[in-house]
Each structure stands twice: as structure tokens, then as C-alpha cells.
Undergrad: 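What follows is a structure written as C-alpha cells; I'll ask about it next.
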Amino acid sequence: SEERLARIVETVPDGIAIVNREGQITFANAAAERIFGLTRGGITDRAYDDPGWRITALDGSPFPQEELPFARVRQSGQPVYGVEHAIEHPDGRRVMLSINAAPLHEADGEFGGMVAAISDITERKQAEAALREAEAKYRTLVNQVPAIIYTAALDWPYTETYISPQVEKMLGFSAGEWLAQPDFWTQRLHPDDRERVLADVNRTAHSGEFSPLEYRLLARDGRAVWIHDEGVVVQDGSGQLQVVQGVMLDITDRKQAEAELERSLSILQATFESTGDGILVVGGNQIVNFNQKFAAMWGIPLHILEFRNSEQVMAYALPQLRDPEEFLARVSVLRADPAAIFQDTIELKDGRAVEVYSQPQVIGGEIVGRVLSFRDITERKQREREREAILAVAIALRVAQSRAEMLPIILQLPAPGAGHSPLSSRKMGWLRLSVRAERRANSIGRPPLRRRGRVGRPARRPALPQRLAERKSAGPHSRTVGQAL
């Protein structure tokens with residue numbers, strides 16, 4: 001019935017308006033009041049093209065009069081659908097409309113007006129605009145970011161359904177070429193990486209968990225490009241695995257730098273181990289590094305060094321020192337002054353002499369630890385003592401007139417080091433034998449061995465006590481070894 005139809009018209013969410021043949025609006029429902037921002041009386045007081053509507057295109061530009069729904073329906077006699085334009089409410093708010101309209105005919109078939117269904121599409125259009133803006137920003141980001149963005153189906157072969165244009169810059173293939181072949185990515189995997197990577201992909205397809213991958217892809221020019229691949233598995237509402245969304249980064253430079261660093265570290269480690277010095281690097285109470293020479297020099301078991309505790313190593317080494325108290329005092333000084341540089345010689349109970357050199361380890365201008373080098377100088381010390389012994393003999397030869405006088409002179413000379421004789425036991429034994437032989441010769445009336453005089457100098461010299469006194473007053477270093485000889 002007519003009453004029932006009227007109720008339906010009043011309850012529909014779209015605005016309903018009727019326009020007569022002259023273009024005057026004659027009816028509007030409740031939804032039309034909301035959409036137009038006017039009362040029914042305010043609506044029916046206007047024509048379809050009333051200037052008060054302030055009709056524009058959706059983008060704000062002028063809307064052609066002949067494109068209005070009433071004009072098109074009157075002109076064609078046919079319904080029109082989806083005519084979109086904007087109007088302005090009395091409060092200045094802009095509303096976007098979508099209008100479907102159909103002609104009304106008189107009994108004689110003549111055009112009698114139009115009925116229109118009006119929808120407010122403002123929110124939808126704003127959402128679409130926001131989406132377009134977001135898509136534009138995303139597209140700009142995808143096109144500019146130095147990485148390949150991709151979407152891949154979890155099937156076999158592993159098929160990309162989208163790949164960003166950066167693939168061409170990175171690998172030399174256009175996105176179209178890449179997507180044209182379902183197994184293109186698989187074909188470009190480096191042969192040495194293919195088995196491992198495909199096993200990881202297969203694991204992802206079953207578990208739904210994507211683990212970061214590093215592998216090589218072959219570029220168009222044959223280069224092997226190192227890729228770091230990160231992604232997430234997207235599931236649908238029912239929890240079914242759908243696709244992988246991921247990003248591929250070119251890490252070739254990083255891999256080359258790592259290889260160069262590894263090579264440099266290998267050289268440094270070989271140098272570290274091949275040096276003749278024992279080296280210990282400490283930071284706080286922890287051992288940062290040590291070489292095998294250090295372990296062998298101090299006889300410290302590797303299982304103790306592997307604990308990396310410097311106090312344990314100290315406790316193992318101290319009993320080997322001739323004067324551990326003095327060494328601990330030096331360590332205390334270094335701990336109080338981390339920037340100090342230290343060099344000294346320590347003596348071990350087994351007779352070895354070890355030269356210690358220590359300086360701070362500095363990284364980025366900050367002291368982070370200390371490097372200690374230990375050099376066994378026992379042989380060097382022995383050679384120094386032998387040189388001093390030779391000097392002692394030279395002095396004795398210069399002062400004494402016979403071998404019998406040489407031994408007391410040598411024994412009166414200061415020893416080069418505590419507990420060490422200036423001459424080796426073998427040389428001292430030879431000297432004693434010579435003295436005994438000289439005394440024996442004297443006892444049987446044979447003249448003692450004398451040194452020949454030099455030109456301009458008398459052959460005989462002052463008595464031994466006088467010569468020793470002269471030598472003492474001249475100082476122990478008044479002559480070089482060459483002069484003495």
C-alpha cells in the first residue's frame with residue numbers, strides 16, 4: 001500500500017528525493033535531511049541546481065551543469081548511476097555524494113520528473129584518499145629504499161608474486177623478468193648455497209617461522225651478490241599460511257669487509273704466535289688473550305689459562321720468581337696508574353732472566369686493558385757477563401806482570417751480577433792452573449813470566465800494590481776494553 005511504501009522510504013539509509021519536470025525538489029525523506037544538512041522544507045524550497053548547493057566536483061573543481069543527474073535523465077530518458085559530486089552544507093561542511101536517478105513518466109508517457117537515491121560517500125572517499133596517499137608513500141619508499149621488497153607464495157617452486165623495482169639496480173633484472181618465471185629466484189641461487197637455502201625455505205613452509213638467511217644470488221653480469229633475507233609469514237583468518245613478505249639487502253660489501261678482516265686477523269694471529277716473546281693481554285682481572293710462547297715460558301697449563309682469570313695465573317707464576325714481593329709491588333703501581341709504561345728485568349729461581357715490557361691497551365682513546373710482553377734474556381745476560389769477564393782479564397793483563405798476579409786482581413773486581421762470577425768456571429780453572437804453573441816455575445829458579453816493555457817505556461813497572469792504587473784512583477771505567485787490550 002501507499003502507506004507501507006512511505007514507511008519504507010522513510011527508513012532506508014539513503015536519501016530519497018523527487019524532482020518535478022521543472023527541476024524543483026518536491027519530496028525528501030529523513031535520510032535526505034541528514035545528508036543535505038537541511039530540513040525537508042529547506043530542501044523542497046530549492047531546485048536541483050540551486051546555487052545554495054554550491055555544487056563542485058569531488059576535487060573541488062567546477063562540475064558541468066549538463067552532467068547533473070536531472071539534466072542527464074531528462075536528456076536521455078534513461079536511469080543514471082554513480083554520479084558523484086560534492087555539495088556544501090549551510091555550516092560550510094563539504095559533503096561528497098553518489099547519486100542514482102531514474103525518470104518519472106506522466107500517464108501520457110511524457111517526462112514528468114525524476115526520483116533519486118543519494119548516498120553520502122564522504123567517509124569512503126576520505127578513506128580512499130588516505131589509502132592512495134599511503135600507497136604513494138609506500139611506493140616511494142619501496143622504490144627508494146636500497147633493498148628489494150618482495151612477496152612470495154609458500155609453494156614450490158618458491159614463487160615471488162611481487163618484487164620491487166630495486167631488483168634491477170641490485171641484480172640487473174627487471175621486476176617483469178623476475179616475475180615472468182615462477183622459479184626465477186631458485187635459478188639465480190648460487191650453486192654452493194642452493195641446497196642449504198632451499199632446505200631452509202622448505203622448513204619455513206612447514207613451520208611458518210621465517211629464519212633470516214644469508215646467501216648469494218647470481219646477477220645478470222655473473223657477479224655473486226651476497227643477500228641478507230629477512231621476512232615474516234602472513235596467515236589468513238583461519239591460521240593457514242599464505243605468503244612470505246620480506247626484504248632482501250645487499251651485504252656484499254659487508255661480506256668482503258668480513259673476509260678482509262678475517263684475513264688480517266689470521267695474519268695477526270700467526271704473527272702473535274710466531275713471535276719469540278710471550279705475550280699476555282689483560283683487562284681488569286680477566287685475560288683477554290695470550291700466545292703459546294707465554295704459556296710455555298711460564299709453564300702454565302692451558303686449562304688454567306682457559307679460565308681467563310689473571311689472579312689464578314698470577315698465583316701460578318709468583319712462586320717461580322726470585323723476588324715475588326718486588327714484582328707484586330710493581331703490579332700495584334701499574335694498577336694505580338693505568339697509563340704507565342713499564343719495563344724491567346725479573347729473575348726466576350731457575351736462573352733465567354726475563355725482560356718485561358708493559359703498556360696500556362687503548363681503543364678509541366680509552367684505556368681498556370694492558371699488554372705485557374715477556375722476553376727470555378738469559379743468554380743475552382750470559383753474553384754480557386762474558387764480555388765483562390773479558391774486560392776483567394784485559395785489566396788484569398794490563399796491571400799484572402805475571403799470571404800469579406792476575407788471579408787476585410780478577411777476584412777483587414766487582415761481579416757483573418749477584419751470584420755470578422765474571423768468568424766461567426772453565427776459564428777460572430784455566431787461570432788457576434796457569435798461576436800454579438807460574439809459581440812452580442818460580443820455585444825452581446826459573447824467571448817469572450814478564451811482559452815486554454814498549455818503546456819509550458821502561459820494561460819494569462812499579463810494584464803491584466802501587467799499580468793497584470793507581471788503577472783504583474783512575475776509576476773502574478777510565479779505559480775502554482780496546483784501550484785495555
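Since the model is a prediction, treat every value here as computed from it, not as a measurement. Heads up: numbering here begins at 1 and tracks the sequence.
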Undergrad: Between F327 and D344, does the side chain to side chain contact (heavy atoms under 4.5 Å, CB included) criterion hold? Intermediate values first, please.
TA: CA-CA 10 Å; F327 183 77; D344 201 357; over 6 Å; no

Undergrad: Taking 4.0 angstrom as the limit, do K381 and E384 come out as a salt bridge?
TA: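 Between E384 and K381 there is a salt bridge, with a charged N closer than 4.0 Å to a carboxylate O.
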
Undergrad: Nearest 0.5 Å, what's the CZ-CG distance between F173 and L179?
TA: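 F173 atom CZ to L179 atom CG measures 13.0 Å (nearest 0.5 Å).
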
Undergrad: If you round to the nearest 0.5 Å, how far is CD of E260 from CD of E262?
TA: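 Those atoms lie 10.5 Å apart.
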
Undergrad: So how far is it from F294 CZ to L305 CG, rounded to the nearest 0.5 Å?
TA: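 The CZ atom of F294 sits 6.0 Å away from the CG atom of L305.
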
Undergrad: I'd like to know if R254 and E214 make a salt bridge, using a cut-off of under 4.0 Å between side-chain N and carboxylate O.
TA: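 Salt bridge: yes.
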
Undergrad: Would you indicate whether the side-chain heavy atoms of L334 and R330 approach each other to under 4.5 Å?
TA: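 Counting from C-beta outward, R330 and L334 never come under 4.5 Å.
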
Undergrad: Given 3.5 Å as the limit, does a donor-acceptor pair link the side chain of D193 with the main chain of R216, or not?
TA: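 A pair under 3.5 Å: yes.
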
Undergrad: Does the S119 side chain pair with the main chain of I121, one donor and one acceptor, at a distance under 3.5 Å?
TA: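 Not confirmed, S119 side chain does not pair with I121 backbone.
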
Undergrad: Return yes when atom CZ of R94 has more than 12 non-hydrogen atoms of other residues, nucleotides or ligands closer than 6.0 Å, and no otherwise.
TA: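 Yes, CZ of R94 has more than 12 neighbouring heavy atoms, counting only those of other groups under 6.0 Å.
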
Undergrad: Keeping the roles fixed (side chain from Q245, backbone from V234), state whether a donor-acceptor pair exists under 3.5 Å.
TA: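 Pair absent, no side-chain N/O of Q245 close to backbone of V234.
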
Undergrad: Is the shortest side-chain heavy-atom distance between V167 and F184 below 4.5 Å?
TA: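 Answer no - side chains too far apart.
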
Undergrad: Can you tell me if R188 uses its side chain to pair, donor with acceptor, with the backbone of A219 under 3.5 Å?
TA: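 Checking the backbone N and O of A219 against the side chain of R188, a donor-acceptor pair under 3.5 Å is found.
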
Undergrad: Go through H85 and E67 one step at a time and tell me if the side chain to side chain contact (heavy atoms under 4.5 Å, CB included) criterion holds.
TA: CA-CA 10 Å; H85 64 71; E67 292 299 321; over 6 Å; no

Undergrad: Is it true that a side-chain atom of K349 and a backbone atom of P319 form a donor plus acceptor pair closer than 3.5 Å?
TA: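 Answer holds: yes.
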
Undergrad: Would you say R194's side chain and L189's backbone share a donor-acceptor pair under 3.5 angstrom?
TA: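 Flag set: sc R194 to bb L189 pair under 3.5 Å.
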
Undergrad: Could you tell me whether R308 atom CZ has more than 12 heavy atoms of other residues or ligands within 6.0 Å of it?
TA: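 Yes, the 6.0 Å shell around CZ holds more than 12 heavy atoms from other groups.
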
Undergrad: List the atom of L58, the atom of A86, and the distance in Å for their closest heavy-atom pair.
TA: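 It is CD2-N, 4.1 Å.
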
Undergrad: Look at the side chain of Y162 and the backbone N and O of I149, then say whether any donor-acceptor pair between them is shorter than 3.5 Å.
TA: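 Judged by distance alone, no pair lies under 3.5 Å.
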
Undergrad: Is any side-chain heavy atom of L218 less than 4.5 Å from a side-chain heavy atom of P191?
TA: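 Touching, per the 4.5 Å side-chain cut-off.
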
Undergrad: Write down the atom of M297, the atom of V354, and the distance for their closest heavy-atom approach.
TA: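 Closest heavy-atom pair between M297 and V354: SD-CG1, 4.3 Å.
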
Undergrad: For a quick test of reading the model, state the closest non-hydrogen atom pair linking A353 to T378 and the distance between them.
TA: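 Reported closest heavy-atom pair: N-OG1, 2.9 Å.
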
Undergrad: Could you tell me whether the side chain of Q343 reaches within less than 4.5 Å of the side chain of E355, counting heavy atoms only?
TA: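 Sidechains of Q343 and E355: in contact.
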
Undergrad: Is it the case that over 12 heavy atoms from other parts of the model lie below 6.0 angstrom from the CD atom of E195?
TA: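 For E195, atom CD is not crowded (no more than 12 foreign heavy atoms under 6.0 Å).
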
Undergrad: NZ of K137 to CZ of R132: how many Å apart, nearest 0.5 Å?
TA: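 Here the interatomic distance stands at 14.0 Å.
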
Undergrad: Can you tell me if OH on Y357 sees more than 12 non-hydrogen neighbours from other groups inside 6.0 Å?
TA: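 Result for OH/Y357: enclosed.
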
Undergrad: If I compare all heavy atoms of K293 with all of G278, which pair ends up nearest, and what's the gap?
TA: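 Result for this residue pair: CG-N, 3.7 Å.
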
Undergrad: Contact between R220 and L171 at the side-chain level, heavy atoms closer than 4.5 Å - yes or no?
TA: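 In short, these two side chains do not touch, never coming nearer than 4.5 Å.
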
Undergrad: When you look at I300 and F290, which way does the side chain to side chain contact (heavy atoms under 4.5 Å, CB included) test go after all the steps?
TA: CA-CA 11 Å; I300 302 176; F290 64 92; over 6 Å; no

Undergrad: Show your working on ring-ring contact (aromatic ring centres under 6.0 Å, His included) between W185 and Y150 and close with a plain yes or no.
TA: CA-CA 11 Å; W185 174 81; Y150 71 91; 8.2 Å; no

Undergrad: Show your working on side chain to side chain contact (heavy atoms under 4.5 Å, CB included) between M248 and Y215 and close with a plain yes or no.
TA: CA-CA 10 Å; M248 291 188 284; Y215 54 86; 3.4 Å; yes

Undergrad: Within this structure, what is the CD-CD1 distance for the pair E168 and I163, rounded to the nearest 0.5 Å?
TA: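 E168 atom CD to I163 atom CD1 measures 11.5 Å (nearest 0.5 Å).
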
Undergrad: Would the distance check show the side chain of N309 and the main-chain N or O of Q312 forming a donor-acceptor pair, the cut-off being under 3.5 Å?
TA: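 Judged by distance alone, yes, a pair lies under 3.5 Å.
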
Undergrad: R34 and P13: which non-hydrogen atoms are nearest, and at how many Å?
TA: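 Shortest heavy-atom separation between R34 and P13 comes out as NH2-O, 3.0 Å.
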
Undergrad: May I ask you to test the L265-F272 pair for a side-chain heavy-atom distance under 4.5 Å?
TA: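 Heavy-atom side-chain distance check fails, nothing below 4.5 Å.
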
Undergrad: With the side chain counted from C-beta on, respond yes when F342 and D337 share a heavy-atom pair under 4.5 Å apart, and no when they do not.
TA: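 The answer is no, as the side chains (C-beta and beyond) never meet within the 4.5 Å cut-off.
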
Undergrad: Check A224 against H190 and note the closest heavy-atom contact, atom names and distance.
TA: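 That closest heavy-atom pairing would be CB-CD2, 4.1 Å.
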
Undergrad: Using 0.5 Å steps for rounding, measure from the CD atom of E347 to the CZ atom of R352.
TA: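 Here the rounded value is 12.0 Å.
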
Undergrad: Can you tell me which residue among M170, K169, Q166 is in a side-chain contact (heavy atoms from CB on, under 4.5 Å) with D250?
TA: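 Exactly one candidate clears the test, M170.
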
Undergrad: Take atom CD of E209 as the centre, draw a 6.0 Å sphere, and report whether it contains more than 12 heavy atoms from other residues, nucleotides or ligands.
TA: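 No, because the 6.0 Å sphere around CD of E209 holds 12 heavy atoms or fewer from other groups.
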
Undergrad: Any side-chain heavy atom of T252 within less than 4.5 Å of one from R223?
TA: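 The answer is no; the side chains never approach within 4.5 Å.
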
Undergrad: Do any N or O atoms from the side chain of H89 and from the backbone of I35 form a donor-acceptor pair under 3.5 angstrom?
TA: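 Between the backbone of I35 and the side chain of H89 there is a qualifying donor-acceptor contact (under 3.5 Å).
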
Undergrad: Would you say the side-chain atoms of D323 pair up with the backbone N or O of I346, donor to acceptor, closer than 3.5 Å?
TA: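 No; judged by distance alone, with no hydrogens or angles, the pair does not exist.
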
